[in-house]
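The block underneath contains the structure these notes are about, expressed in structure tokens.
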Amino acid sequence: MARKPPAENPAIRRFGRELARLRNLAGMSQSQLAKAINVSGALVGHIERAERTPTQRFARKADEALESGGHLMGLWKDVQQAAYPEYAGSFMEALPHALMMRDYHPMLVPGPLQAEEYVRAFCRSSNPMETEDRIDRLVEQRMRHQELLTESDRPVIWTIITESVLSCLVHTPDILHAQVDRLLELTGSGRVQLQVIPGTVRFDEHPGMDGPFTILSLPDRQEVAYIEGVISGNLITEPEAVERLSLKFGSLQGVALSPGQTTEYLKNVRGEINGQHSVAHLELQQRGWWPLRGSSGDSPNGAGAG
């Protein structure tokens, strides 16, 4: 399927114009620039015409090849930020500088860990009035965000999700399969640590019932937190508030499976998906009647599955 043009984004058009201008000033053809930064000549043309969105690597390599003093990287930051709501701008500016991201979500797979099939289903269900072209653009924007994970060695990501995040996908086995494979790929890379909180953890012993949050650890030993709502988000910089969320994250780790147990759980889920009775087994798990594999039938706080 042919790629669709990115969303009507002035930052993308500005990047393309500046790329073409700098390339001409350097006396380079599109093919020569492409060879210098190890991409196809067609890609250079697409980006100059604002038909493709530049990646961080492309902007950095083009800056080096054209000796433009970081000008394109500055424009790329505008491109990246324009793909997200205005309220997320400060968080998105902080994210590339973070050494570690600690992320907790009780309802969704966090963005950097989402499989494309999961992203598309989420965008479609969250935007029922949008056209397919608009959904395609939303998916492209969200997948571009994941390039921060694949093209950089930071931040290291430590994520905690609840068991229901995956068990709610039981009736969409293709999405579940793709998402489990994505999580296994990321945890196997060493960049991501993942823990799952079993559904057997009691309500009155669950420290994360009040919603998702993210904590970024920055190079200057400062930490900031981010709490995202339906139509707004809040970047938290007050040390005491961030410390409370950090302690909460530690409490969540205490009731979750260890990273090793979580990996075994994901492998067993994938095996059940591939098995003859996968849907029935996962439905039992969803209802709390099928204990988590790797947890010996008990939640980490000692509560049984019954």
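Quick note: numbers below take in every heavy atom, side chains included, and nothing from hydrogens, waters or symmetry partners. Worth saying up front: this structure is predicted, and the values here are computed from it rather than measured.
- Residue M209 belongs to a hydrophobic cluster whose other members are F203, with links defined by side-chain heavy atoms closer than 4.5 Å.
- We find that E18 and R21 are joined by a salt bridge, their nearest charged nitrogen and carboxylate oxygen being less than 4.0 Å apart.
- Residue pairs meeting the ring pair (Phe, Tyr, Trp, His ring centres under 6.0 Å) criterion with at least one member in residues 99-130, sequence neighbours excluded, are Y104-F213.
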Can R124 and E132 be said to form a salt bridge (Lys or Arg N to Asp or Glu O under 4.0 Å), step by step? CA-CA 8 Å; R124 185 176 289 116; E132 280 302 308; 3.2 Å; yes
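- Shown here for L113 and R182, the closest heavy-atom pair between the two residues is O-CG, 3.3 Å.
- The two atoms that bring M73 and D63 nearest to each other are N-OD2, 2.8 Å, heavy atoms only.
- In this structure, the side chain of R23 engages the main chain of M28 through a donor-acceptor pair within 3.5 Å.
- Heavy atoms only, all atoms of each residue included: R102 and S217 are closest at NH2-OG, 4.0 Å.
- Distance check: E116 CD to E140 CD gives 10.0 Å after rounding to the nearest 0.5 Å.
- With a 4.5 Å cut-off on side-chain heavy atoms, Q195 and L257 do not count as touching.
- Pairing each heavy atom of K61 with each of I37, the nearest pair is O-CG2, 3.3 Å.
- In terms of heavy atoms, L66 sits closest to A26 at CD2-CB, 3.9 Å.
- Proximity of a side-chain donor or acceptor of W158 to a complementary backbone N or O of M100 within less than 3.5 Å is not detected.
- Between the R49 side chain and the R13 main chain, no donor and acceptor come within less than 3.5 Å of each other.
- No side-chain donor-acceptor contact under 3.5 Å links S29 and S31.
- Hydrophobic clustering (side-chain heavy atoms under 4.5 Å, transitive across Ile, Leu, Val, Met, Phe, Trp, Tyr) groups L72 together with V39.
- Checking side-chain atoms of T262 against main-chain N and O of V196 turns up a donor-acceptor pair under 3.5 Å.
- When all heavy atoms are compared, the tightest approach of P207 to D210 is O-OD1, 4.0 Å.
- A distance-only check finds no donor-acceptor pair linking the side chain of S246 to the backbone of E243 [under 3.5 Å].
- No donor-acceptor pair closer than 3.5 Å links the side chain of E205 to the backbone N or O of R202.
- The side-chain heavy atoms of H206 and T162, taken from C-beta on, include a pair separated by under 4.5 Å.
- A side chain to side chain contact (heavy atoms under 4.5 Å, CB included) with S68 holds for exactly one of L22, L19, L25; it is L22.
- A donor-acceptor distance shorter than 3.5 angstrom exists from the side chain of Q114 to the backbone of V109, with no hydrogens or angles considered.
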